[in-house]
Amino acid sequence: MNLNEKFVISINRELGSGGRTVGRKLSEKLQVPFYDKALIKQLEEKYHLTVDEIENLKGQKHNWWSDFKRVLGIGGGMTEAKYYQVSMDQEPELITTEAVFKAEQEILKGIAENESCVVAGRSGFFVYRKHPNHLSILIQASMESRIARVCRKQGIKPEQALEIIEKVDKMRENYISKYTNSSRYDTHNYDLVIRADGKSEDEIVDFILAYIGK
């Protein structure tokens, strides 16, 4: 990966592995924006974006994403949306139609066309598979470690954490399978697979930075 040109680092992660925090910290180290599904969903809900509307935006101006960011009030070196908390009374994965999935792809492609960035989730390995300067990462952890982290983050009991993790795992895998005809566990989709057990988020970030020569 060439850090002197526009690049995109996509991070797929298991719930409870700390992958989202790694993505945020990595973006801070690289001084590039950080995007995750919460921000993409906010764009969809606030502006009701469709593939046709995105194409119209692209057709109007070459730097459509930069203009769009100014309208949204997204600026500076880094950006992120609020943490997406999973609770037992809501669907842990947002229900997505094919039209919405295609719109998400166009948004993500538009982001990477205009700036370097780190993207967590949202099938980044698939969306950016043909990007010339893309690093695809999967962050995993043992179930014991994942349960402990979810308990700590959400203040719940281990059995509740396990139920949430299993539900999220199933829905994320169904999402990837349905829209990419692949599996998020297929290591062929990634350049780098990291097991988070026994490592802090900062240690994982440092490992990724060393891997890309930063």
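Just so you know, these numbers come straight off a predicted model, no measurement behind them.
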Considering residues at least two apart in sequence or located in another chain, which fulfil the side-chain contact (heavy atoms from CB on, under 4.5 Å) criterion with Cys117? Val8, Tyr35, Ile111, Val119
Here the gap from Arg146 atom CZ to Glu14 atom CD, rounded to the nearest 0.5 Å, amounts to 4.0 Å
Within the supplied structure, the quantity of interest is the number of heavy atoms (other residues, nucleotides, ligands) at a distance under 6.0 Å from Lys199 NZ; does it exceed 12? yes
How long is the straight-line distance from OH of Tyr190 back to CG of Leu135, given to the nearest 0.5 Å? 12.5 Å
Between Met1 and Asp191, is any pair of side-chain heavy atoms under 4.5 Å apart? no
Closest non-hydrogen atom pair, Lys6 against Glu113: NZ-O, 3.1 Å
Does Ser177 use its side chain to pair, donor to acceptor, with the backbone of Glu173 at less than 3.5 Å? no
Over all atoms of both residues, closest heavy-atom pair of Lys109 and Val127: CG-CG1, 3.9 Å
Closest non-hydrogen atom pair between His131 and Asn133, with its separation: ND1-N, 2.9 Å
Between Arg24 and Glu28 (salt bridge meaning N to carboxylate O under 4.0 Å), is one present in this structure? yes
Any non-hydrogen side-chain atom of Arg184 less than 4.5 Å from a side-chain atom of Phe126? no
Is there a side-chain contact (heavy atoms from CB on, under 4.5 Å) between Val22 and Arg13 once you walk through the steps? CA-CA 10 Å; Val22 168; Arg13 77 281 188 211; over 6 Å; no
Hey, are the side chains of Ile212 and Phe7 touching, using non-hydrogen atoms and a 4.5 Å cut-off? no
Please tell me whether Tyr211 and Ile9 are part of a single hydrophobic cluster in this structure, the criterion being side-chain heavy atoms less than 4.5 Å apart. yes
Any idea which heavy atoms bring Ser116 and Glu5 closest together, and the distance? OG-O, 3.8 Å
Between Glu201 and Arg149, is the closest basic N to carboxylate O distance under 4.0 Å? yes
Check for me whether Arg172 meets the cation-pi criterion with Tyr175, that is, NZ or CZ under 6.0 Å from the six-membered ring centre and within 45 degrees of the ring axis. no
Drop me the distance from Thr187's OG1 to Leu192's CG, to the nearest 0.5 angstrom. 11.5 Å
Partners meeting salt bridge (charged side-chain N to carboxylate O under 4.0 Å, His left out) with Lys25 (sequence neighbours left out): Asp202
Just how far is it from atom OG1 of Thr21 to atom CZ of Phe34, taken to the nearest 0.5 Å? 8.0 Å
Heavy atoms of Gly124 and Asn12 approach each other most closely as N-OD1, 4.0 Å
Closest contact, heavy atoms only, Ser123 versus Thr180: CB-CG2, 4.2 Å
Evaluate the side-chain proximity of Leu108 to Tyr128: yes if any heavy-atom separation is below 4.5 Å, no if none is. yes
Could you tell me whether Asn2 atom CG has more than 12 heavy atoms of other residues or ligands within 6.0 Å of it? yes
Distance (rounded to the nearest 0.5 Å) between Ile156 CD1 and Glu163 CD: 9.0 Å
Heavy atoms, side chains only, cut-off 4.5 Å: are Tyr185 and Ile176 in contact? no
Atom CD1 in Ile165, atom CD in Gln160: separation rounded to 0.5 Å? 12.0 Å
Listing, residues 136-144 side-chain donor-acceptor contacts under 3.5 Å, not counting sequence neighbours, or none:
unit_1	atom_1	unit_2	atom_2	d
Ser136	OG	Asn189	O	3.0
Ser142	OG	Ser145	N	3.2
Ser142	OG	Asp197	OD2	2.5

Is any side-chain heavy atom of Leu30 closer than 4.5 Å to a side-chain heavy atom of Leu209? yes
